[in-house]
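In what follows, chains carry the letters A, B, and so on, assigned in the order in which the sequence lines appear, proteins first and then strands, with residues in each chain numbered from 1. In this text, all values refer to a predicted model and were calculated from it rather than measured experimentally.
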2 protein chains.
Amino acid sequence: MLTIGKLGASAGVKVPTIRYYEQIGLLPEAERSAGNQRLYSQKALERLAFIRHARDLGFTLEAIRDLLSLSDQPDQPCAAADAIVIAQLAEVESRLARLGALKVELQRILTQCAGGKIANCRVIEALGDHSLCATDHRYPDLGATI
Amino acid sequence: MLTIGKLGASAGVKVPTIRYYEQIGLLPEAERSAGNQRLYSQKALERLAFIRHARDLGFTLEAIRDLLSLSDQPDQPCAAADAIVIAQLAEVESRLARLGALKVELQRILTQCAGGKIANCRVIEALGDHSLCATDHRYPDLGATI
DNA sequence: CCTTGAAGCTCTAGTTACTAGAGACATTAG
DNA sequence: CTAATGTCTCTAGTAACTAGAGCTTCAAGG
């Protein structure tokens, strides 16, 4: 049995984060020692490692919740799990495209600057006037991760 | 003079967002009509368009606050403005690199799945075990935009 | 056995950049 | 004049944690 500190170190997750995951029901309530401290099994470590890895891959906690509940039902077809991963891949690809456009635009803005005073700074001007943009990088705002 | 609705429509910013910007001091307090409604000048529209554009480019409100205060001091050298844009470009590039790695990893996970049952699903397994990863995509967590 | 320092506990509140909703007042079109 | 739309203030909620206060428990050294 692991204390919360050991568990966190093993999985690469901070201690308050583990308590947070328990609070929102992503991890089951931990067993407690005589002195009321949380104790974790190897299975709990696997579950936490799964969460950590999925977070690293940019999945939301909500998606992870779904993946975890799927993994608890081994006889279900895995199309549902696939779908979640496919959606995440689409999200990542769309974010890549947007960021690529932003990069180009920021580079373009920077080349405008000859290093003078703010008064004739092309950087500020370029930021102010969208019509100076080479590309259209206006997108509906998506709440974003990574 | 524009009402808040017209201003929002012109700049592509929602009405509550404008009030929020005023509340946090990013926009100055607006003039009011006899009936206490906010009224905006053309200058206010320009300032809001600047904010909107910079947000589109992924700048934080804090960075935008700095850019705005710089643009109010026309005789300062524009190196400070450049630095903010350069930092943002670096941020975008780092995020691009990470997302690229994530994309590869997600694709790899998906190719593992033969479409069976969860019990022998490689997708769930690949998510659970980081050591199955081709690349190391563990990065310190950065609060992220776009 | 006792002490001390690290690790654990609960609870509240803060972060970013908004968004949603309630209930009241203002303005405008027909 | 009325009805519909717009605007007002205020509070609270979102995601995914993080920080801090004030307390208790544990493990190791003397």
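The side chain of Arg32(A) has dC9(C) as its nearest neighbour among dC9(C), dT19(C), dT27(C). In this structure, of dC18(C), dG8(C), dT10(C), it is dG8(C) that holds the atom nearest to the side chain of Ile4(A). Closest to the side chain of Gln37(B), from the set dT19(C), dC18(C), dT27(C), is dT27(C). In this structure, the nucleotide among dT18(D), dT19(C), dC18(C) sitting nearest to the side chain of Thr17(A) is dT18(D).
For the pair Thr3(B) and dT7(D), the criterion of a side-chain N or O lying under 4.0 Å from OP1 or OP2 is met. Distances shown here put every side-chain N or O of Tyr21(B) at or beyond 4.0 Å from the OP1 or OP2 atom of dA17(C). Look at Arg65(B) and you won't find any side-chain N or O under 4.0 angstrom from OP1 or OP2 of dA17(C). Dashed line: the shortest gap from a side-chain N or O of Arg19(A) to OP1 or OP2 of dC9(C) is under 4.0 Å. Close to dT27(C), at under 4.0 Å from its OP1 or OP2, lies a side-chain N or O of Ser33(B). For dC17(D), neither phosphate oxygen OP1 nor OP2 lies less than 4.0 angstrom from any side-chain nitrogen or oxygen of Lys14(A).
The distance between atom CD of Glu31(A) and atom P of dC9(C), rounded to the nearest whole Å, is 13 Å. What separates CD of Glu29(A) from C1' of dT10(C) is a distance of 14 Å, to the nearest Å. If you take OH of Tyr20(B) and C1' of dC10(D), they are 16 Å apart, rounded to a whole angstrom. Here the C1' atom of nucleotide dC18(C) and the CD1 atom of Ile51(B) are 14 Å apart, to the nearest Å. Rounded to whole Å, the distance from CG on Leu2(A) to P on dG8(C) is 11 Å. The interatomic distance linking Gln23(A) (CD) with dT18(D) (P) rounds to 14 Å, in whole Å. Rounded to whole Å, the distance from CZ on Arg38(A) to C1' on dC26(D) is 16 Å. For the pair Met1(A) CE and dA7(C) C1', the interatomic distance rounds to 18 Å; values are reported in whole Å.
More than 12 heavy atoms of other residues, nucleotides or ligands lie within 6.0 Å of CD in Gln107(B), so this atom counts as buried by the packing criterion. Counted within 6.0 Å of CD on Glu31(B), heavy atoms from surrounding residues, nucleotides or ligands total 12 or fewer; the atom is thus considered open.
Here the shortest heavy-atom pairing between Asp56(B) and Leu102(A) reads O-CD2, 3.5 Å.
For the residue pair Arg98(B)/Ser94(B), the side-chain donor-acceptor check at 3.5 Å is satisfied.
Judged by closest nucleotide on DNA chain D, Glu62(A) is the one of Glu62(A) and Asn36(A) placed further toward the 5' end.
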Criterion side chain to side chain contact (heavy atoms under 4.5 Å, CB included) on Leu39(B) and Leu2(B), from CA distance to verdict: CA-CA 5 Å; Leu39(B) 292 178; Leu2(B) 303 163; over 6 Å; no
